[in-house]
There are 2 protein chains.
Amino acid sequence: MAAEIESHQHSLARELECVSGVPIFQQLAHNQMISVAEVTRAIHAQKGQIVFRPDAVSQTLYIVNTGQVRLYHLADDGKERVLRVLNPGDFIGEIALFTDEIHSDYAEATQTTELCTISRTDLTQLVRRLPTLALALLNALAQRLKTAEHQATLLAIPDALPRLAGYLLDLSQSQATTVTLPMSKQDLAAYLGMTPESLSRKLKQLVTLGAITTHGRREITIVTLAKLQAVAPQ
Amino acid sequence: MAAEIESHQHSLARELECVSGVPIFQQLAHNQMISVAEVTRAIHAQKGQIVFRPDAVSQTLYIVNTGQVRLYHLADDGKERVLRVLNPGDFIGEIALFTDEIHSDYAEATQTTELCTISRTDLTQLVRRLPTLALALLNALAQRLKTAEHQATLLAIPDALPRLAGYLLDLSQSQATTVTLPMSKQDLAAYLGMTPESLSRKLKQLVTLGAITTHGRREITIVTLAKLQAVAPQ
DNA sequence: CGTGTTCTTGATTGTCTTCAAACAGAGTGG
DNA sequence: CCACTCTGTTTGAAGACAATCAAGAACACG
């Protein structure tokens with residue numbers, strides 16, 4: 001966690017590659033994509049680098065092209081609380097974009113990451129000119145909203161076990177597959193509103209119940225979906 | 001909780017009044033508002049009436065014009081969990097609008113309520129034609145997203161007191177004013193991820209601390225903002 | 001192969017939930 | 001207008017659950 005990332009020369013080719021790789025731009029025609037690429041700047045961040053920090057008045061949309069970005073909040077006790085993990089195609093900054101607000105969170109690359117950035121004014125222009133982009137953005141925001149509200153519902157559950165089970169079901173999309181946790185267990189614990197110790201114990205409990213098995217540090221296989229659903233809420 | 005609401009004849013005047021009263025349409029020019037009003041239908045709901053219920057494939061945007069709508073989810077134990085309370089200007093259905101999904105919640109009028117409804121296809125057309133509307137919608141969704149993510153952060157706090165304090169600060173916008181709770185205390189308890197008993201005790205604790213006073217059933221006055229902030233997170 | 005971090009395990013304390021009952025307020029009908 | 005009822009809220013006591021503190025084990029790193 002150290003040096004700020006630096007932006008690059010505008011080379012269009014790189015930007016076009018960035019734009020074409022991102023879902024929200026996928027529905028655009030080729031010439032429209034070029035319009036977007038013209039106002040896009042690609043930036044790179046190495047593992048551990050901070051993409052942006054609180055109090056910076058960022059009027060920029062950041063879209064993850066490759067790699068991963070961890071969005072977290074620093075509590076007054078010094079503990080980090082992960083808000084969200086951004087994988088390729090995900091974006092941040094939409095709040096700062098449409099509402100005059102400074103963000104209060106840190107964004108840190110967890111690996112070598114490429115991002116596309118578009119300034120507020122440029123994006124506003126684009127949305128005005130490209131209705132398809134407007135709809136794609138609305139779509140993406142609606143999706144995010146749904147996730148966030150679902151997570152709030154999950155977190156309102158007092159007991160840790162159903163909360164965890166519900167999270168795992170979301171992650172696996174209710175399939176009996178193997179899922180990779182998107183963050184470390186201590187981050188996940190904070191994300192789920194519990195301590196790392198509790199998370200460890202609850203996972204163990206699910207293993208004992210025969211609902212899941214764990215492989216390595218971040219792999220979880222859902223063995224019996226029904227058993228997981230039995231402890232999950234709703 | 002009973003009879004379904006009925007929609008009305010399309011009379012434009014009524015619809016225009018509905019459209020002009022809603023923030024997301026406020027930035028539109030008059031002729032644009034008329035375009036919106038043409039595809040809007042106003043519906044009314046009496047206190048206790050269900051506006052929509054789960055499993056109904058609703059591809060409709062509902063905007064509250066007057067009154068109030070309570071959005072809640074029915075858990076398998078039969079308990080209602082309030083997701084959100086919609087006041088004039090607020091809207092629901094944006095998820096069903098942009099993503100092919102059926103909603104799983106109930107929407108119930110808590111008082112005599114007028115809503116504007118716009119169908120998915122009509123709204124899509126409007127967004128394509130009116131960039132200003134697209135931006136207004138993006139703005140509103142971004143705002144909602146911010147609220148939802150903030151609430152998720154709040155709910156991840158294990159201790160009930162700071163969770164409640166944080167909620168009250170949000171409600172009062174960090175002002176030492178009198179606030180009216182948007183829902184009953186038992187609903188609020190579920191919303192905050194605790195039992196009604198705990199909420200009652202924690203409120204009492206805040207009163208004892210000299211942070212707040214209560215008046216009647218839904219009125220809370222923040223006496224000493226600093227004391228409330230002291231127990232709040234972040 | 002060591003070193004640091006992450007994760008797990010154990011014992012204890014504290015807090016919240018649960019269950020039960022009393023109380024208050026709003027609405028209703030006599 | 002008052003008694004009555006129903007729902008919502010508060011209070012109390014007991015038990016369950018998760019947080020905390022402390023230490024050890026597993027893993028990733030150089």
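Here is the naming used below: chain letters follow the sequence lines, and residue numbers restart at 1 for every chain.
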Inset, instruction - To the nearest Å, give me how far apart CG (A:Leu181) and P (C:dT6) are. - result: 15 Å

Legend entry - Distance, rounded to the nearest Å, where A:Ile157 contributes CD1 and C:dC16 contributes C1': 16 Å

Legend entry - Side-chain N or O of B:Lys204 closer than 4.0 Å to phosphate OP1/OP2 of D:dT11: yes

Legend entry - Distance-only polar pair, side chains of B:Thr66 and B:Glu114, donor-acceptor under 3.5 Å: no

All N/O pairs under 3.5 Å across the protein-nucleotides 28-30 of chain D interface:
none

Legend entry - Criterion side-chain contact (heavy atoms from CB on, under 4.5 Å) against B:Val64, the qualifying member of B:Asn87, B:Leu86, B:Ile92: B:Leu86

Inset, instruction - Apply the test salt bridge (Lys or Arg N to Asp or Glu O under 4.0 Å) to residues B:Asp187 and B:Arg81: give CA-CA distance (whole Å), side-chain angles for both, the deciding distance (0.1 Å), then the verdict. - result: CA-CA 7 Å; B:Asp187 282 350; B:Arg81 173 156 206 292; over 6 Å; no

Legend entry - C:dT8 phosphate, OP1 or OP2, under 4.0 Å from A:Lys185 side-chain N/O: yes

Legend entry - Whole-Å gap separating C1' (D:dT7) and CD (B:Gln186): 8 Å

Legend entry - Side-chain H-bond candidate by donor/acceptor type, B:His44 with B:Thr112, under 3.5 Å: no

Legend entry - Length of the line joining B:Arg218:CZ and C:dA24:C1', which is rounded to integer Å: 16 Å

Inset, instruction - Could you tell me whether the side chains of A:Thr221 and A:His215 share a donor-acceptor contact shorter than 3.5 Å? - result: yes

Legend entry - Mutual orientation of the aromatic rings belonging to A:Tyr62 and A:Phe52 [parallel < 30°, tilted 30-60°, perpendicular > 60°]: tilted

Inset, instruction - Check whether any side-chain N or O of B:Arg144 sits under 3.5 Å from a backbone N or O of A:Leu145 as a donor-acceptor pair, and report yes or no. - result: no

Legend entry - Short side-chain donor-acceptor distance under 3.5 Å, A:Thr180 and A:Glu219: yes

Protein N or O to nucleotides 16-19 of chain D N or O, pairs below 3.5 Å:
from   : atom 1 : to       : atom 2 : distance (Å)
D:dA18 : OP1    : A:Ala160 : N      : 2.8
D:dA18 : OP2    : A:Lys202 : NZ     : 2.7
D:dA19 : OP2    : A:Thr195 : OG1    : 3.1
D:dA19 : OP2    : A:Ser198 : OG     : 2.2

